[in-house]
Amino acid sequence: MIWIKPMGRDPMANLDVLVVPPFIVGFITWVVTITTFTTSSGDLSATVNAAALVGAWTGGCASFAVIAVEAFLWRSRRKLAVCGVSDGGGGGPFETLVTGCGLLVFPPCFFVGVGFLSAALAIVQLARLISLGVLRLAHPQPAKTRRADMTGGSNKARFPGSVYGRLIALASKAMAPQSRQRWLDSIDETLHDFEPAQHRVLLRDFLIHAAAVAVHSWTTDRRQHVPSSDNPQERGNDRPGR
Amino acid sequence: MPLRMTLQTQLVLQALLRNPARELYGRELAEETGLMPGTTHPILLRLEKEGWVTSRKEDIDPHAEGRPARRYYRFTAGGAAQASAALASARRPTRHALRDLAGEGGTA
């Protein structure tokens, strides 16, 4: 199943825990409901439909509960920094599409009596997306921490506000790897060297010129590429003038 | 393709030419040119690609020093001469244009 893939250090990474228990709960509810209704009313079709609805919603509620517990544990472990724009997300739009499709197939599946499966999955997925969205709104990712860890730079170098951090991360993705690292290093250096009051303006300036860096990074011949900050062998080499 | 000599490029070259043997890092360049590091970064990349300028990353332990490693820029062996020639043939920016640039890109 597409949505049961691992998602890095995201709190939703333990999807076995997230998906299986709600299913078990939903399935048990479904069995109990269908048994109860069949013995009481004798109308199998109506019973199956009702059971599917109950099973689906129970599974969905169970998934909400599991997600809430998971999020709470995650928060208490102070791992908010890993949930963000760079590597926290799973399938993104694809997952939304899957959810949408799940919700679309809900009514027909419901009426043929197997709606529990798709409906529960759709609700689980929807619950997961809503919870993630709320969590990320409530706790924006401090992208600076990830940057500092990645570059080995000082933790004093911070991106002020998550919006700039996200925009910087987004813009850097448009660059070739060599130039991307160097551009991010340059931002770190700048933010360390200038007063915090100037950081917003400086970051805006970096973002304005990000397109030029991206274009340069992809148009530069690999043989003449800019030395990477990660490769000591390339440091300090003079290039012959043309 | 010849290097496009924008006003910003000229300012960066002039800053480096004041003492061609001297290495400048981001903040120093910003102070010398009046441009922000975000503006000078792509210019320096272009100059490096053209072989006029070279750079090296400071060899320090960022954790020990408490700051990220700086990247220092200086002219290559033939870079200064090429830059001087290019600046000489380039249209000199007017004082008004320089004032506008300083107003837009002024930093610390």
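Lettering follows sequence order; numbering is per chain, from 1. Scope of the values below: all heavy atoms of this structure, side chains included, with no hydrogens, waters or symmetry mates. This structure is a prediction, so every number in the text was calculated from the model and none was measured.
- Contact annotation: the side chain of B:Pro68 never approaches that of A:Asp185 to less than 4.5 Å [non-hydrogen atoms, C-beta and beyond].
- Between the OG1 atom in B:Thr39 and the CD1 atom in A:Ile208 there is a gap of 7.5 Å [rounded to 0.5 Å].
- Of the inter-residue distances, the one linking B:Ile43 atom CD1 with A:His209 atom NE2 reads 7.0 Å to the nearest 0.5 angstrom.
- Looking at A:Asp193 and B:Arg70, their side chains come closer than 4.5 Å, going by heavy atoms from C-beta outward.
- Looking only at side-chain heavy atoms (C-beta outward), B:Pro42 and A:His216 stay at 4.5 Å or farther from each other.
- Within the 4.5 Å cutoff, the side chain of A:Glu189 has heavy atoms near those of the B:Arg71 side chain.
- For B:Ile60, the side chain to side chain contact (heavy atoms under 4.5 Å, CB included) partners at least two apart in sequence or on another chain are B:Glu58, B:Glu65, B:Arg67, B:Ala69.
- For the pair B:Met36 and A:Val201, the minimum side-chain heavy-atom distance is below 4.5 Å.
- Taking CZ of A:Phe206 as the start and NE2 of B:His41 as the end, the distance is 7.0 Å to the nearest 0.5 Å.
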